[in-house]
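In this text, all values refer to a predicted model and were calculated from it rather than measured experimentally.
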Amino acid sequence: MKANFHKLNYPIEQAFHIRKDVREYFDDHWHFHDMIELVYIQHGQGGRYIGDSIDAFSDGEVVLVGAHLPHVWKSNFFEDQLPLQKKCVSIVIQFPEDFLGINFMSLPEAKHIKFLFKRAERGIVFMDNDRKVLAKKITSLLKLEGMERLIKFIDILNYAAKSINYQLLASPLFVDTITDSDNKINKVFEYIMDNFTEDIQLTTAASLIGMNKTSFCRYFKKRTKKTFSSFLNEVRIGHACKLISQDRIPITESAYLSGYNSPSYFYKQFKEITGVSPTEYQAKLI
């Protein structure tokens, strides 16, 4: 899944842009842009891909995505089920970090919001009651105009910045490397995200950046602090968890759809990464 840069047509006369999207399903490309993005999923279910984080999403999700962080929400559907899908609805707010001027974030009153934006570089999903409060505040924003809308938006950021009920999504290493001036590791990430459900060859990954296998393994470990196989397994198991939990696909089929040809190896990696077996993980969902 290669991340494409999206140039946003940002209205210069507004501090931020808000829109309500209503569509049959979410099926965008994995992309990034130079704006911070606050997303409220009013209706929809499927998979959320943010950096190297893969998880399920459902109605009511609220996520803050930092600038330049690749992301996409994709609905779950099969062609014969498509007519039965209810409409997918989201409210999206996009804004630059300096939406109130370059000096605003330097003010002591705004330091917690500045820290919020720093955390958003990894992507933030809000949870529990904070998610519900933010969803309500975001929805009310659509009815406001002018200064009232701007004040309410600052109130939303203030509330989000003070929240303790959240989870960071992308790994620190992914964030450190995705904006790295050394584009080699980004090519490898793109190759993995685009092909992890298929048979990925180490020699192919190495050839993308003009290295042999030995040099590539040393390079990848130095840049990510993980082996190539460890990183690949984490991405695949994350995808398998989504298939099992959200799509309700049987364990063995989820293994094959996540790039594993050996069920026994899949079981071993699943428990090593999640701490539980696929059967135990599935049982917790019942």
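Annotation: side chain of Arg131 is not in contact with side chain of Asn165 (no heavy-atom distance under 4.5 Å). Contact of the Phe115 side chain with the Lys111 side chain is not registered, since no non-hydrogen atoms from C-beta on lie closer than 4.5 Å. At a threshold of 4.5 Å between non-hydrogen side-chain atoms, the residues Asp155 and Lys137 count as touching. By the 4.5 Å heavy-atom criterion applied to side chains, Phe16 and Pro96 are not counted as neighbours. Ile91 has its side chain out of reach of Asp21: every pair of non-hydrogen atoms, C-beta onward, lies at least 4.5 Å apart. Looking at heavy atoms from C-beta onward, His43 lies out of side-chain contact with Cys88 at the 4.5 angstrom threshold. In this structure, the side chains of Tyr219 and Lys184 come closer than 4.5 Å at one or more pairs of heavy atoms. When side chains are defined from C-beta on, Phe26 does not count as touching Lys74, because their heavy atoms never get closer than 4.5 Å.
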Chi angles and distances behind the side chain to side chain contact (heavy atoms under 4.5 Å, CB included) call for Lys114, His112: CA-CA 5 Å; Lys114 184 177 182 179; His112 61 305; over 6 Å; no
Residues Phe216, Ile209; criterion side chain to side chain contact (heavy atoms under 4.5 Å, CB included); working and verdict: CA-CA 8 Å; Phe216 174 78; Ile209 56 176; 3.6 Å; yes
Verdict with reasoning, Glu148 to Lys143, per side chain to side chain contact (heavy atoms under 4.5 Å, CB included): CA-CA 10 Å; Glu148 288 185 341; Lys143 303 175 183 178; over 6 Å; no
Pair Val63-Glu37, side chain to side chain contact (heavy atoms under 4.5 Å, CB included): steps then yes or no: CA-CA 8 Å; Val63 176; Glu37 187 169 282; over 6 Å; no
Worked check of salt bridge (Lys or Arg N to Asp or Glu O under 4.0 Å) between Arg48 and Glu61: CA-CA 10 Å; Arg48 180 202 333 114; Glu61 173 164 289; 2.8 Å; yes
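Side chain of Arg236 to backbone of Phe196: a donor-acceptor contact under 3.5 angstrom is found. Checked by atom type and distance alone, the side chain of Ser277 never pairs as donor or acceptor with a backbone atom of Lys271 at under 3.5 Å. A donor-acceptor contact shorter than 3.5 Å links the side chain of Arg149 to the backbone of Leu144. No donor-acceptor distance shorter than 3.5 angstrom exists from the side chain of Ser215 to the backbone of Met211, with no hydrogens or angles considered. At distances below 3.5 Å, not a single donor-acceptor pair connects side-chain atoms of Asp130 with backbone N or O atoms of Phe126. Looking only at distances, no side-chain donor or acceptor of Asn158 sits under 3.5 Å from a matching main-chain atom of Ile154. Ser163 places no side-chain N or O within 3.5 Å of a backbone atom of Ala160 that could act as its donor or acceptor partner. Side-chain atoms of Asp59 come within 3.5 Å of backbone N or O of Gly44 as a donor-acceptor pair. Looking at Arg122, its side chain does come within 3.5 Å of a backbone N or O of Ala170 through a donor-acceptor pair.
Rounding to the nearest 0.5 Å places OG1 of Thr197 at 10.0 Å from CG of Leu243. Atom CE of Met35 is separated from atom NE2 of His68 by 9.5 Å, given to the nearest 0.5 angstrom. For the atom pair CD of Glu97 and CD1 of Ile113, the computed distance is 11.0 Å after rounding to the nearest 0.5 Å. Expressed to the nearest 0.5 Å, how far OH of Tyr260 lies from OH of Tyr267 amounts to 13.5 Å. Summarising the geometry, atom CD1 belonging to Ile138 is positioned 8.0 Å from atom OH belonging to Tyr40; distances are rounded to the nearest 0.5 Å. Within the model, atoms CD1 of Ile18 and CG of Leu142 stand 4.0 Å from one another, a figure rounded to the nearest 0.5 Å.
Aromatic ring orientation, Phe228 versus Phe220: perpendicular (interplanar angle above 60°, classes split at 30° and 60°). Using the six-membered ring where Trp is involved, Phe117 and Phe95 have ring planes that are tilted, between 30° and 60° apart.
The existence of a salt bridge linking Lys226 and Glu234 is confirmed by a sub-4.0 Å separation between a basic side-chain nitrogen and an acidic carboxylate oxygen. A salt bridge is absent between Lys242 and Asp55: the closest approach of a Lys/Arg side-chain nitrogen to an acidic carboxylate oxygen does not fall below 4.0 angstrom.
When all heavy atoms of Ala120 and Leu69 are compared, the pair lying nearest together is O-CD2, 4.0 Å. Heavy-atom minimum distance, Arg119 versus Leu168: O-CD2, 3.8 Å. The heavy-atom pair separating Thr274 from Cys241 by the smallest distance is CG2-SG, 4.1 Å. Minimum heavy-atom separation, Ile244 to Ile251: CD1-CG1, 4.3 Å.
The closest side-chain donor-acceptor pair between Ser230 and Asn233, if any, does not fall under 3.5 angstrom.
Note on Trp73: it does not cluster hydrophobically with Met127, by side-chain heavy-atom contacts below 4.5 Å among ILVMFWY residues. There is no path of hydrophobic side-chain contacts, each under 4.5 Å, that joins Val89 to Leu38. Linking ILVMFWY residues whenever their side-chain heavy atoms come closer than 4.5 Å, directly or via other members, places Met147 and Ile156 in the same cluster.
Taking the six-membered ring for Trp and the full ring otherwise, the centers of Tyr256 and Phe266 sit at least 6.0 Å from each other.
More than 12 heavy atoms of other residues, nucleotides or ligands lie within 6.0 Å of OH in Tyr159, so this atom counts as buried by the packing criterion.
Contacts of Cys217 classified as side chain to side chain contact (heavy atoms under 4.5 Å, CB included), with partners at least two apart in sequence or in another chain: Leu202.
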